[in-house]
Every structure is written in structure tokens, then in C-alpha cells.
Amino acid sequence: MSIFKNKKISVSVFCGAREGKNKAYATTAEMVGSLIAKNNMRLVYGAGGKGLMGKVAYGVLALKGIIYGITTKIIADFEEPIRGTKFKIVKNIQLRKRAFIDNSDAFIVLPGGFGTFDELFEILVSKEINDKHDKLLNKKETTFNKPIVLVNVNGFFTPFEKLVDSIIDAGFMNPSNRKYFKIVDSPKEAIDYIKKHTKK
């Protein structure tokens with residue numbers, strides 16, 4: 001259950017604690033943060049001040065937007081939270097991912113490493129399990145209807161898209177699972193998609 005009481009849309013952004021080699025990654029991350037603030041949304045993220053995470057957060061803060069970080073003590077030791085921002089420390093990485101899901105209305109995924117993909121797969125699996133459960137109970141609407149948007153900066157998520165198609169072709173996943181996420185080319189497309197598909 002979300003800790004937030006107002007109806008502001010909360011967007012989790014998953015991305016790297018490094019900036020990556022291409023400058024477009026950092027530019028895009030900062031733009032995502034700016035657009036979250038401009039559209040009166042709340043940023044929910046990993047609480048770090050480094051890498052793309054930091055770029056997103058500073059993009060929000062530059063426009064006096066609201067951010068809420070979720071981290072663990074171990075991670076906070078090397079990804080120090082930004083001073084003056086609100087953040088929560090949970091016991092382990094599993095609770096951290098659960099908190100992202102519970103406190104977010106939508107998800108934006110930017111380039112990153114193992115941690116970013118772990119968070120992405122966590123919400124995709126949650127969506128899949130809820131979808132199967134809803135079908136079992138003959139529910140007309142899916143329980144997990146939170147948008148998942150991947151911003152394909154510099155073609156970063158093109159191999160992921162091909163991997164998903166390969167898994168479907170091999171018979172290990174339903175073709176309908178391909179609709180669980182949306183790949184877009186720009187931060188504006190991501191925000192527009194979230195505004196269109198998020199109920200508040």
C-alpha cells in the first residue's frame with residue numbers, strides 16, 4: 001500500500017548508478033526528471049545522488065519538484081542520498097523493490113546495469129503473476145495496470161526487445177506479455193504515455 005495520501009502521480013525511475021559512456025544517457029535522465037516536475041508528478045527512485053539516478057533527481061529538484069528515495073543501508077553507503085531529500089531505508093533489496101511497486105503509479109526505465117534490469121524484471125513478473133491470477137478469477141480488468149515505459153536512448157533497449165521476442169518465439173512466454181511494457185524514443189513520449197494510461 002502506498003504511503004502517499006494525495007493524488008499526485010508517483011513515477012518510479014529505474015536507471016544506472018553510473019552515467020554510462022554516451023552523453024545522451026545523462027541528458028535524457030535529467031530531462032526525465034525535469035518533465036516529472038513540470039507535469040506535477042512525484043519521483044520515486046533509488047535515492048542515490050550518483051550516475052543517472054542523480055541526474056534524474058537533480059532534474060526534479062531544479063524545478064522544485066518532489067522526490068522520494070528508497071534504499072538499503074548497504075547501498076546508501078556507496079550511493080549516498082542527496083542531502084535535504086526525503087528517503088527511506090529498508091532492510092533488504094527485496095523490500096526495496098516491493099516499496100517501489102507499492103508506492104508508484106507508473107515506471108520509467110532508463111539505461112543501467114544489473115540493478116536496473118533486476119527492478120525491471122521484478123515489475124514485469126509482478127504484472128505477469130497478477131495477470132494470470134486475474135484471468136483465473138475471470139476479472140474483466142487487470143489488477144496490475146501500472147504503465148511500464150522503457151526509454152530507448154541510443155538504442156539501449158533494442159537488444160532487450162529482441163530477447164523478449166526470442167523468448168516468445170521459443171515458447172516460454174505468451175505473445176500477450178509483449179504488451180506489458182512500452183518502448184519509446186524520448187522522455188516526452190514516456191511522460192505522455194504515463195499520463196494517458198494512469199488512473200488517479
Side-chain angles (χ1 to χ4, degrees), residues 2-17 19-20 22-70 82 85-87 97 99-112 115-117 119-124 126-127 141-142 144-158 160-161 164 178-200:
S2 174
I3 64 168
F4 305 126
K5 295 180 180 179
N6 64 37
K7 300 199 175 189
K8 190 185 294 287
I9 293 175
S10 296
V11 181
S12 263
V13 178
F14 302 144
C15 57
E19 291 191 17
N22 193 309
K23 291 182 179 180
Y25 299 143
T27 302
T28 302
E30 192 170 353
M31 193 179 301
V32 166
S34 296
L35 286 173
I36 286 174
K38 284 180 181 178
N39 285 274
N40 198 31
M41 297 174 176
R42 178 191 296 107
L43 170 65
V44 179
Y45 84 125
K50 297 179 180 178
L52 298 190
M53 280 200 297
K55 292 292 183 182
V56 174
Y58 285 117
V60 173
L61 292 174
L63 296 177
K64 298 182 179 179
I66 299 172
I67 74 172
Y68 183 75
I70 304 169
I82 298 170
T85 61
K86 291 183 179 180
F87 63 92
K97 289 184 289 186
F100 285 140
I101 292 173
D102 289 343
N103 292 290
S104 301
D105 302 300
F107 306 89
I108 292 177
V109 188
L110 299 174
T116 300
F117 279 96
E119 291 158 347
L120 170 58
F121 277 110
E122 182 82 13
I123 53 174
L124 288 174
S126 295
K127 196 173 184 77
E141 292 187 9
T142 181
F144 196 115
N145 55 6
K146 302 177 180 182
I148 302 168
V149 190
L150 285 61
V151 183
N152 199 22
V153 190
N154 200 36
F156 184 85
F157 287 109
T158 299
F160 172 76
E161 189 173 22
V164 172
R178 183 64 181 77
K179 297 178 182 178
Y180 287 171
F181 61 92
K182 174 76 172 177
I183 294 182
V184 300
D185 293 320
S186 70
K188 183 181 184 303
E189 288 178 84
I191 295 297
D192 288 346
Y193 185 84
I194 286 172
K195 287 165 68 175
K196 183 177 179 181
H197 293 88
T198 302
K199 296 179 180 179
K200 285 301 285 184

Nearest-0.5 Å distance, CD1 of residue I36 to OH of residue Y45
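OH of Y45 is found 11.0 Å from CD1 of I36.
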Among residues at least two apart in sequence or on other chains, which ones pass side chain to side chain donor-acceptor pair (under 3.5 Å) with [X]?
| X | answer |
| --- | --- |
| S12 | S104 |
| E122 | K97 |
| K50 | none |

Could you please spell out the steps behind the side-chain contact (heavy atoms from CB on, under 4.5 Å) verdict for I191 and I108?
CA-CA 9 Å; I191 295 297; I108 292 177; 4.0 Å; yes
Quick check: does any side chain N or O of K55 sit under 3.5 Å from a backbone N or O of Y25, one acting as donor and the other as acceptor?
no
Non-neighbouring partners of F100 that pass ring pair (Phe, Tyr, Trp, His ring centres under 6.0 Å), sequence neighbours left out
F14
The criterion is ring pair (Phe, Tyr, Trp, His ring centres under 6.0 Å); which residues satisfy it with F181, sequence neighbours excluded?
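For F181, the residues satisfying ring pair (Phe, Tyr, Trp, His ring centres under 6.0 Å) (neighbours in sequence not counted) are F160.
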Considering residues at least two apart in sequence or located in another chain, which fulfil the side chain to side chain contact (heavy atoms under 4.5 Å, CB included) criterion with A62?
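Scan of A62 (side chain to side chain contact (heavy atoms under 4.5 Å, CB included), adjacent residues dropped) gives none.
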List for me each residue that meets side chain to side chain contact (heavy atoms under 4.5 Å, CB included) alongside Y58, sequence neighbours excluded, and say none if there are none.
L61, I82
Pairs where residues 182-191 contributes a residue and the test side chain to side chain donor-acceptor pair (under 3.5 Å) is met, not counting sequence neighbours:
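Counting only pairs at least two positions apart or across chains, the side chain to side chain donor-acceptor pair (under 3.5 Å) contacts touching residues 182-191 are S186-E189, K188-D192.
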Are the side chains of L120 and L150 in contact, using a 4.5 Å heavy-atom criterion?
yes
Heavy atoms, side chains only, cut-off 4.5 Å: are S10 and V44 in contact?
yes
